[in-house]
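One structure is given below, encoded as structure tokens.
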Amino acid sequence: MPAERTIVRRTVSAVSAATLKSTKKTAQAAHIKNVAIHEPKKPVAVDEDISTVHPYPLTARERENAINQNTGRKITVFQFQVYDLCAQIPKGQISTYKHISEALQSSPRAVGQALKINPYAPLPVPCHRVLDSKLYIGGFSGQWGEGEKIDNKKAKLFHEGVVFDETDHVAVATRENLIFDGFNVPINKKIKVTAAI
DNA sequence: GTCATAACGTTCT
DNA sequence: AGAACGTTATGAC
């Protein structure tokens, strides 16, 4: 039977301010750079709040005029599709930009773009549970790789039992059954018209 | 393993 | 029409 999982408490590394400026290149480059320069830092205060629940419109009528409070713009149909799927990821599990994009027959960049401005974080749309395809910590709230925002993301996940290694990837030994794969995608969102020429 | 580059879908200007 | 993204795949070291 599954023994009690032992999770070693580890501190969340502080931001290296000097490296923040250098993360404005491609995501991949930033990813590699941050892995390479990682070193233990003193702990910083982090926001571990995973209990704030925002009102979430469910009907088409409510969604028609929904405004994203982060951007002041209307929330698009696609963005709601992404948020609907993200909201299905249970506490203690994670998903990836790629998984979500495949479920929606979209692209990982489009998913990332929608999650970046997620107005329903951390609940009911726990975008901190979405990582990149290598299970690297990835980005949060516009930052990528390192920073206070990333520390918050890591802290939330840690609080939910997700363990990262020293390179900010999900610890390999803990990956089994970690990735949520039960997305419920409404039929009308899966339809893709292929032109019969 | 690192690094550059192209391709992806969506959104904003 | 062009640029920007919380991405990913591929190919060349």
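Chain letters run A, B, ... following the sequence lines, proteins first and then strands; every chain starts at 1. The shown structure was predicted, so the numbers you read here are calculated from the model rather than taken from an experiment.
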At their closest point, which heavy atom of A:Ile179 faces which heavy atom of A:His99, and how far apart are they?
CG2-CE1, 3.8 Å
Any side-chain N or O of A:Arg129 less than 4.0 Å from the OP1 or OP2 oxygen of C:dG6?
no
Does a side-chain heavy-atom distance below 4.5 Å link A:Arg129 with A:Glu160?
yes
Using a heavy-atom cut-off of 4.0 Å across all strands, would you classify A:Val111 as base, sugar-phosphate, or nothing?
nothing
Which residue lies more 5' along DNA chain B, comparing A:Ile117 with A:Ala110 via nearest heavy atoms
A:Ala110
For A:Phe78, which contact category applies under a 4.0 Å heavy-atom criterion: base, sugar-phosphate, or nothing?
sugar-phosphate
Side-chain atoms of A:Gln113 come closest, of C:dA9, C:dG6, B:dT10, to B:dT10
Closest nucleotide among B:dT13, B:dT11, C:dT8 to the A:Tyr97 side chain
C:dT8
Stem segments of DNA chain C by first residue number [Watson-Crick or G-U, under 3.5 Å, at least 3]:
B:1-7 with C:7-13, B:9-13 with C:1-5
Is the backbone N or O of A:Val125 less than 3.5 Å from a side-chain atom of A:Asn118, with the two atoms forming a donor-acceptor pair by type?
yes
With sequence neighbours left out, what residues match A:Gln69 under side-chain hydrogen bond (donor to acceptor under 3.5 Å, both in side chains)?
none
Kindly say whether A:Val170 contributes a backbone atom to a donor-acceptor pair with the side chain of A:Tyr136 at under 3.5 angstrom?
no
Atom CD of A:Gln79 to atom P of B:dC12: distance rounded to whole Å?
6 Å
In this structure, how many angstroms lie between the P atom of C:dT8 and the OH atom of A:Tyr136, rounded?
13 Å
A:Leu104 CG - C:dT7 C1' separation (whole Å)
15 Å
How long is the line joining CH2 of A:Trp144 and C1' of C:dT7, in whole Å?
7 Å
Taking only the side-chain heavy atoms of A:Arg109 (C-beta and beyond), determine which of C:dG6, B:dG9, C:dT8 contains the nearest atom.
B:dG9
Electrostatic pair A:Arg63:A:Asp84 at N-O distance under 4.0 angstrom
yes
Which one, C:dA9, B:dC8, C:dG6, comes nearest to the side chain of A:Ser107?
B:dC8
What is the distance, rounded to the nearest whole Å, between atom CG of A:Leu115 and atom C1' of B:dT10?
13 Å
Checking A:Lys116 now: which residues fulfil side-chain contact (heavy atoms from CB on, under 4.5 Å) with it, not counting sequence neighbours?
none
Please confirm whether the shortest side-chain N or O distance from A:Ser133 to OP1 or OP2 of C:dT8 is below 4.0 Å.
yes
Protein-nucleotide distance (A:Leu85, atom CG; B:dT10, atom P), rounded to Å
14 Å
Tell me what A:Ser141 touches on the nucleic acid: a base, only sugar-phosphate, or nothing, going by heavy atoms under 4.0 Å.
base
As a test of reading the structure: which of C:dG6, C:dT7, B:dT13 is closest to the side chain of A:Pro108, going by heavy atoms?
C:dT7
Give me the atom names and distance for the closest heavy-atom approach of A:Ala114 to A:Tyr83.
O-OH, 2.8 Å
Nearest-Å distance, CZ (A:Phe140) to P (C:dG6)?
13 Å
Just how far, in rounded Å, is P of B:dC12 from CG of A:Asn70?
13 Å
